[in-house]
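These notes are about the structure you will find just below.
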Amino acid sequence: MKILSAEKIREADAYTIKHEPIKSIDLMERAAGLCFDWLYAAAPKLFPDSISEEKDWVFYIVCGTGNNGGDGLVLARLLQRNGYNTEVAVVHVSDKPSKDFTASLDKLGKGKKSVIEIKKTADIPDFPDNAIIIDAIFGTGLNRPSEGIGREVIEKINQSKSTKVSIDMPSGLFDCDNAKNDPKGIVRSNHILTFQLPKLSFFLSENEAMVGAVHILDIGLHPDFLKNIDATFHYLTGSEAAEMRKVRGTYSHKGTYGHALIIAGAEGKWGAAVLASKACLRSGAGLVTTHIGTQGADILHNAMPELMIQHDKAGTHFSNLPDLSDYDAIGVGPGIGKSDDTVRALKLLIQEAKVPLVLDADALNILADNLTWMAFLPKGSILTPHPGEFSRLAGSKLSHFESIEKQREISQKNGIYILLKGANSSLSFPDGRVLINSTGNPGMASGGMGDTLTGIITGLLAAQYKPLEAAALAMFVHGRAGDLALKNQSVESLVASDLIDNLGKAFESLSHD
Ligand SMILES: NC(=O)C1=CN([C@@H]2O[C@H](COP(=O)(O)OP(=O)(O)OC[C@H]3O[C@@H](n4cnc5c(N)ncnc54)[C@H](OP(=O)(O)O)[C@@H]3O)[C@@H](O)[C@H]2O)[C@@H](O)CC1
Ligand SMILES: Nc1ncnc2c1ncn2[C@@H]1O[C@H](COP(=O)(O)OP(=O)(O)O)[C@@H](O)[C@H]1O
Ligand SMILES: [K+]
């Protein structure tokens, strides 16, 4: 699913109005109608248990004077028409109200209830603590950080304990970069009813306090526009991940699915090699060999009889390169440490490898110490840094938005894929596009989860997936396996082995997406 900027969404609105064709006021009615349907279904769960009777429910709709405010007014009319209690406030953020706002206000005015006009501080009401506040002050038309009376109202809304439901965007939040925005001037939304497509800022860690659950409402923007428009950012959905999965031919054999090499583990961290190798075996590789210090070999053999083992010359860590000609995919890094001979062996691997490499953990830390090696990575290689590893590679600590921009830049410059891990992992392509992941949960914030991801990507690469599909499908399936594993665990108890145990179900679940 594409993620479009506010500017492109405005173009999509205009295209739809012209080519569907539909009047802009009718598009607003459609959008607000979908908000009503959502609220109607969700309201019983949104009000506190102490207010179980519908007659006691109050919807407090706070509108700006643009089309976002217009949506709020139409929603207010629909709620009133269905017998719900409403309070409607209009914040005079601009003295040039939009045409559709004015038309919607006129229509609402034909009902009985008066509207609270907020022009100055003294007009701001005390918002209740047990209502639903509908936030319709600013949407995609925000053109500067909230200020004046609009900002004062936002701050007052944030003081209320009521559930806040934002229309299209939390008011005050920009669609992409909020680095220069003050979080105090943004509604701390519990639910966002966003139109057609999600906005990039919903997926960024710096906006966590303002972005609650995101619900995408399909308002029927024109399919031709959505199909043809180029997008830098994409949200990876289950059906898109499912399309990447390859069907296995009846007469295929282990040779069809390639031979993967995992280089992982060192003294005290043999477990990293176990996790990466197991995940690789469970992700489609025909054969898996793990190159490991002799002291770790027994642990590995006992954990997985299906695995082949290649002994390193040093007993305790990765120090020499095996013959690479046998392997279709190579994953390197989990738990390997940074010994001098490991650094030399990694350099040699980068120079000699003829297939894309998957680099994780200490392989990335070594790369960060030797950034000139980046240009010598085989094209299509995949780097999987967590934010700490990424800041070492990028050379400084950045906001999430800045990290993604930097990630794109490094990918484009070096012809590689970068999978920046975390909640809403992002995968950047050499052509500048970025996929945002939709699976995973905070239970995955525990040691060893990244090792399993390295194994999955390497397994898919061996099984003839192209780097783009291997990285994207692995990212999705890894998070999905984490989500499925959570059904029998809690966020506290989830460990990487649980995730591996659920890989089969995760791949299979794709057929239902
Ligand atoms: N037909 C369609 O197109 C559809 C559109 N839809 C809906 O429209 C929304 C977009 O509407 P929009 O473009 O009217 O902008 P909106 O978010 O209401 O804000 C603009 C107003 O805010 C003001 N303003 C901005 N920044 C400010 C600030 N910092 N501080 C103070 N004021 C500020 C600005 O004033 P000005 O810049 O003139 O001072 C202007 O008055 C979109 O999110 C969706 O909800 C749906 O109904 C589907 C169909
Ligand atoms: N809060 C979260 N939500 C979703 N996924 C998460 C979250 N925290 C961590 N993850 C996922 O878990 C994995 C953690 O990787 P990493 O930090 O490298 O672990 P390790 O180095 O211990 O193996 C990543 O794939 C990341 O996307
Ligand atoms: K809003």
Side-chain angles (χ1 to χ4, degrees), residues 6 9-10 12-14 16-17 22-32 34-35 62-72 74 91-101 104 134-151 154 164-175 181 185 187 189 192-196 199 205 219 221 272 275-276 333-335 360-362 364 384-389 419-426 437 439-454 456 474-475 478-479 482-483 491 496 499:
I9 288 177
R10 265 194 296 281
D13 288 342
T16 306
I17 289 164
I22 179 172
K23 288 190 195 137
S24 75
I25 186 82
D26 291 334
L27 191 54
M28 182 179 278
E29 291 277 337
R30 187 150 90 197
L34 289 164
C35 292
V62 189
C63 305
T65 49
N67 285 351
N68 195 251
D71 292 336
V74 176
V91 195
H92 288 261
V93 290
S94 162
D95 46 17
K96 294 183 281 317
S98 75
K99 186 169 68 43
D100 293 341
F101 166 89
S104 301
I134 306 291
D135 155 35
I137 305 173
F138 302 121
T140 50
L142 186 80
N143 50 35
R144 57 198 183 277
S146 72
E147 60 186 19
I149 192 68
R151 167 154 180 150
I154 288 172
K164 288 127 202 143
V165 178
S166 292
I167 298 191
D168 207 15
M169 312 265 304
S171 292
L173 185 74
F174 288 110
D175 58 326
N181 206 353
V187 169
S189 183
I192 305 174
L193 309 185
T194 203
F195 297 142
Q196 200 72 45
K199 284 72 184 168
S205 56
I219 63 166
L221 293 185
L275 292 168
D360 185 36
D362 283 326
L364 295 172
T384 60
H386 60 51
E389 287 154 355
L419 199 170
L420 177 55
K421 295 180 291 193
N424 304 317
S425 294
S426 49
N437 193 28
T439 56
N441 63 77
M444 292 167 66
S446 71
M449 291 290 177
D451 308 338
T452 65
L453 179 68
T454 300
I456 302 170
M475 174 169 85
H478 179 253
D483 292 343
V491 284
L499 188 149

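In each ligand, atom 1 is the first atom listed, and ligand 1 is the first ligand listed. Just so you know, residue 1 is the first one in the sequence shown, and it goes up from there.
The K ion (ligand 3) lies at the vertex of an angle of 80° between the O atom of I167 and the OD1 atom of N68 (rounded to 10°). Geometry about the K ion (ligand 3) gives an angle of 150° between O of D135 and O of F138, rounded in steps of 10 degrees.
Protein heavy atom nearest atom 9 (C) of ligand 2, with residue, atom name and distance: M444 O, 3.5 Å. Ranking the protein heavy atoms by distance from atom 32 (N) of ligand 1 puts F138 CE2, 3.3 Å first. For atom 26 (C) of ligand 2, the closest non-hydrogen atom on the protein side is G422 N, 3.5 Å. Of all protein heavy atoms, the one lying nearest to atom 19 (O) of ligand 2 is G450 N, 3.2 Å. Looking only at heavy atoms of the protein, atom 18 (O) of ligand 1 is closest to N68 N, 3.0 Å. Protein heavy atom at the shortest distance from atom 22 (O) of ligand 2 is G448 N, 2.8 Å. At the top of the distance list for atom 13 (O) of ligand 1, counting protein heavy atoms only, stands G141 CA, 3.9 Å. Counting only heavy atoms of the protein, atom 11 (O) of ligand 1 lies nearest to N67 CB, 3.2 Å. In terms of protein heavy-atom proximity, atom 29 (N) of ligand 1 is nearest to R144 O, 2.6 Å. Scanning the protein for heavy atoms near atom 7 (C) of ligand 2, the closest one is N441 O, 3.7 Å. Of all protein heavy atoms, the one lying nearest to atom 44 (C) of ligand 1 is D71 OD2, 3.2 Å. Here the protein heavy atom with the shortest distance to atom 18 (O) of ligand 2 is K421 NZ, 2.6 Å.
At under 3.5 Å, not a single nitrogen or oxygen of L453, backbone or side chain, sits near a nitrogen or oxygen of ligand 2. Not a single N or O atom of G440, backbone or side chain, sits closer than 3.5 Å to an N or O atom of ligand 2. Considering backbone and side-chain N/O atoms, I137 never comes within less than 3.5 Å of an N/O atom of ligand 1. Not one N or O of S98 is nearer than 3.5 Å to an N or O of ligand 1, by distance alone. For a threshold of 3.5 Å applied to N or O pairs, the pair formed by G139 and ligand 1 contains at least one separation below that value. Checked by distance only, ligand 1 and I167 stay at 3.5 Å or farther apart across all their nitrogen or oxygen atoms. At least one N/O-N/O distance between D13 and ligand 1 falls below 3.5 Å. Where the criterion is an N or O separation shorter than 3.5 Å, residue side chain and backbone included, D451 meets it with respect to ligand 2.
Distances below 4.0 Å separate heavy atoms of M28 from the following atoms of ligand 1: 47 (O). Heavy-atom proximity to N143, at under 4.0 Å, picks out these atoms of ligand 1: 25 (C), 26 (N), 27 (C), 37 (O). Listed by number with element, the atoms of ligand 1 under 4.0 angstrom from any heavy atom of L142 are 25 (C), 26 (N), 29 (N). Heavy-atom proximity to P442, at under 4.0 Å, picks out these atoms of ligand 2: 1 (N), 2 (C), 3 (N). Counting atoms of ligand 1 from 1 in the listed order, those under 4.0 Å from a heavy atom of I17 are 1 (N).
Looking at S171 and D135, their side chains do bring a donor and an acceptor atom within 3.5 Å of each other.
Side-chain contact check for F195 versus T140: every heavy-atom pair is 4.5 Å or farther apart. A 4.5 Å side-chain heavy-atom check between K199 and D168 finds at least one atom pair inside the cut-off.
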- Query: T439 and D483: side chain to side chain donor-acceptor pair (under 3.5 Å), yes or no, with the steps?
  - Reply: CA-CA 7 Å; T439 56; D483 292 343; 5.1 Å; no

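Counting heavy atoms only, M449 comes closest to atom 14 (C) of ligand 2 of the residues H478, H386, M449, M475. Nearest to atom 38 (O) of ligand 1 by heavy atom, out of G69, S104, S94, is S94. If you check each of D168, N181, V91 against atom 43 (O) of ligand 1, the one with the closest non-hydrogen atom is D168.
At a threshold of 3.4 Å, the K ion (ligand 3) has a backbone or side-chain N, O or S atom of S171 nearer than that distance.
The backbone N or O of M475 sits less than 3.5 Å from a side-chain atom of N437, completing a donor-acceptor pair.
Residue-ligand proximity: S425 is placed with a non-hydrogen atom under 4.0 Å from ligand 2.
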